[in-house]
Amino acid sequence: MGNEYRPEELKKFYDGIPHGKTRLAAIKSAIEMADQNNDIPFMIYFREDLCEESCFYGNNMEMMVTFPDILKLSDRYPDAPSTQFDTNFKNALEHILWVYKWVVGQCSSFYQIPMEDCMEFFEDFKRRSLGYGFNLKPYYRLLYGFYHFDDEKSDEAYYNYEKIPRDGNSNCRACDRNTEISFYLDKDNFGKARELSEDIENFKLRCGNDNSAWIRMKKSFMGYYIDKGYYEEADEIAYLLEHNMNQKTEGQPWDEILRCYAFTRPGRALRIFKKYWKRWQESTNPSDEFDEVSNICCFWKKYIKESNKDTVKIGFDSSFPLYNQEKVYKIQDLFEYYYKRAEDIAIKFDKRNNASSYMDELSEKLDIV
């Protein structure tokens, strides 16, 4: 290897950069240098870091594009060791299987991935997991999440997940617990969900060193309360979330808070929209974008009903499709713009899934406003 190639220093350098596009670019540069030096462990490891950065702080599609290269490297070098930065894993393959869960989990997020390709990802993950000696608890957990548009298949996957014991490739206990809470809330078994939430509520169970698990749990209950019309309870959670957010973009449910405040604090909801409209405009994950714009639709529909106003002043910049120099907009036009975005995404997902769940969800959200 050349004297200038020091992978440890490359790692230290990009770890010191705030999460986002600049850090992602630095990781890509590290990948190029590892490739040039044919450093197999770091060729794999740097790509895994790129997957993590894009999954939690950037464009998830970067991970979907990069991960097949990791699998190719793994197949060519099955005995590649771990680096000193991933000693929690026995070897590179075990770390790859951990990252693979993020990839399979994102299959449901992109209508651009055909159903047959989604199933190939699932089956390959299943084969590799069993081949390494792991069980299928993570596989069924992911399958449960994927089949949210098919109750029968989703339930079957969940019950298979529930009866299999945890092993070395299982998600953290807090993440698994949040899966269970979501399932029982979906089944309207509030008592069971509340019982399961206690260890996350009191932080006996955490996901890493931050409050991500707590945020996801609270978000699930907030959505449940809104759907049931318990707006005071939802508002209490929204306020807690607003003041206890972590730095992970994927863990910041501002659109859900916006939807909640549409019923309880419309002025605050409008301020949140004005602050985060740009982030929602630049969303790169279609499933997340659907959630965001459908929640925005709920906000504007409620605002039309409650404000007695026809127009609103918002500081959109020229990137916004309805931009005008006066920055005064008809509220109905804003609602229709976001509804069309939500509808377009819903139609594409429903076509891919051969179902109607996305359009059904959009209608159900708007029906309760």
Side-chain angles (χ1 to χ4, degrees), residues 101 104-105 107-109 118 122 135-166 170-202 204-205 207 212-238 240-241 251 253 255-257 259-260 263 287-288 290-291 294-295 298 346 349-350 353-369:
K101 292 184 294 184
V104 176
C107 283
S108 64
S109 297
C118 293
F122 270 97
N135 67 33
L136 296 182
K137 190 176 186 69
Y139 166 81
Y140 283 116
R141 177 183 182 270
L142 292 163
L143 203 62
Y144 157 69
F146 179 81
Y147 276 125
H148 61 87
F149 56 87
D150 186 319
D151 289 344
E152 183 176 345
K153 289 182 178 179
S154 180
D155 287 356
E156 180 184 1
Y158 179 82
Y159 291 126
N160 280 322
Y161 151 82
E162 195 174 44
K163 67 186 180 184
I164 297 175
R166 292 172 50 81
S170 290
N171 285 67
C172 75
R173 293 181 183 277
C175 288
D176 276 352
R177 184 64 58 85
N178 265 317
T179 296
E180 294 153 14
I181 291 168
S182 295
F183 175 80
Y184 285 105
L185 285 177
D186 186 58
K187 296 301 178 186
D188 204 18
N189 189 339
F190 180 84
K192 180 68 172 179
R194 190 63 175 268
E195 177 186 340
L196 289 168
S197 73
E198 290 179 1
D199 284 343
I200 297 179
E201 184 69 68
N202 60 30
K204 287 183 179 179
L205 291 180
C207 180
S212 298
W214 181 85
I215 289 173
R216 292 197 298 273
M217 181 270 291
K218 287 296 188 182
K219 177 183 172 182
S220 293
F221 277 96
M222 180 172 65
Y224 176 85
Y225 285 137
I226 295 172
D227 291 341
K228 294 295 182 182
Y230 303 144
Y231 300 124
E232 287 187 16
E233 291 85 348
D235 181 85
E236 182 178 343
I237 293 177
L240 284 172
L241 287 171
D255 58 299
E256 294 278 0
I257 294 171
R259 181 187 174 213
C260 175
F263 294 94
S287 180
D288 290 347
F290 172 78
D291 290 338
S294 61
N295 286 331
C298 293
F349 270 116
D350 285 344
N353 297 338
N354 192 28
S356 63
S357 63
Y358 276 84
M359 281 303 299
D360 291 344
E361 180 180 342
L362 179 58
S363 297
E364 289 167 5
K365 276 186 173 182
L366 291 172
D367 283 346
I368 66 172
V369 176

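Fair warning: this is a prediction, and the values are worked out from it, not measured in the lab. FYI, side chains are in, hydrogens and waters are out, and symmetry mates aren't considered; it's all heavy atoms of this structure.
Residues forming a ring pair (Phe, Tyr, Trp, His ring centres under 6.0 Å) with Phe263 (at least two apart in sequence, or on another chain): Tyr231. Take Lys218 and apply the side chain to side chain donor-acceptor pair (under 3.5 Å) test, not counting sequence neighbours, and it matches Glu201. The ring pair (Phe, Tyr, Trp, His ring centres under 6.0 Å) test applied to Tyr161 returns Tyr158, not counting sequence neighbours. Remark: Tyr230 engages no residue in a ring pair (Phe, Tyr, Trp, His ring centres under 6.0 Å) (not counting sequence neighbours).
Less than 6.0 angstrom separates the ring centroid of Tyr159 from the ring centroid of Phe183. Aromatic rings from Phe290 and Phe349 are positioned such that their centres are separated by 6.0 Å or more.
Annotation: the span from Leu196 atom CG to Thr179 atom OG1 amounts to 11.0 Å, rounded to 0.5 Å. The OH atom of Tyr225 sits 12.5 Å away from the CG atom of Asp235 when rounded to the nearest 0.5 Å. Remark: Ile226 CD1 to Asn295 CG distance equals 7.5 Å, nearest 0.5 Å. We find the CG-OG distance between Asn353 and Ser108 to be 8.5 Å, quoted to the nearest 0.5 Å. To the nearest 0.5 Å, atom CZ of residue Phe149 and atom OG of residue Ser154 are 9.5 Å apart. From Asp360, atom CG reaches atom CG of Asp350 across 7.0 Å, with rounding to the nearest 0.5 Å.
What you find for Ser294 and Leu362 is that their closest heavy atoms are CB-CD1, 3.8 Å. The two residues Cys260 and Ala238 have their closest heavy-atom pair at SG-CB, 3.8 Å. Heavy-atom minimum distance, Tyr140 versus Ala157: CB-O, 3.5 Å. Between Ser287 and Tyr358, the shortest heavy-atom distance links the atoms OG-OH, 3.8 Å. Ser182 and Tyr144 make their closest contact through C-OH, 4.0 Å (heavy atoms, listed as atom of the first residue, atom of the second, distance). In plain terms, the two heavy atoms of Pro253 and Leu241 that are nearest each other are CG-CD1, 4.2 Å.
The side-chain heavy atoms of Leu136 and Asn160, taken from C-beta on, include no pair separated by under 4.5 Å. Looking only at side-chain heavy atoms (C-beta outward), Ile237 and Tyr224 stay at 4.5 Å or farther from each other. In this structure, Arg216 and Ser212 have side chains that are in contact, with non-hydrogen atoms separated by less than 4.5 Å.
Counted within 6.0 Å of CD on Glu233, heavy atoms from surrounding residues, nucleotides or ligands total more than 12; the atom is thus considered enclosed.
Residues Ser363 and Asp367 bring no donor and acceptor atom of their side chains to less than 3.5 Å of each other.
Among residues at least two apart or in separate chains, salt bridge (Lys or Arg N to Asp or Glu O under 4.0 Å) pairs with a member in residues 174-190 are Arg141-Asp176, Asp155-Lys187, Arg166-Asp176, Arg177-Glu180, Arg177-Asp199, Asp188-Lys228. Listed by first then second residue, pairs satisfying salt bridge (Lys or Arg N to Asp or Glu O under 4.0 Å) with a partner in residues 145-154 number zero, not counting sequence neighbours.
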Going through the distances and angles, do Ile181 and Phe221 end up as a side-chain contact (heavy atoms from CB on, under 4.5 Å)?
CA-CA 9 Å; Ile181 291 168; Phe221 277 96; 3.8 Å; yes
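Here the side chain of Lys137 pairs no donor or acceptor atom with the backbone of Ser170 at under 3.5 angstrom.
Salt bridge Arg259/Asp227: present, at least one basic N to carboxylate O contact under 4.0 Å.
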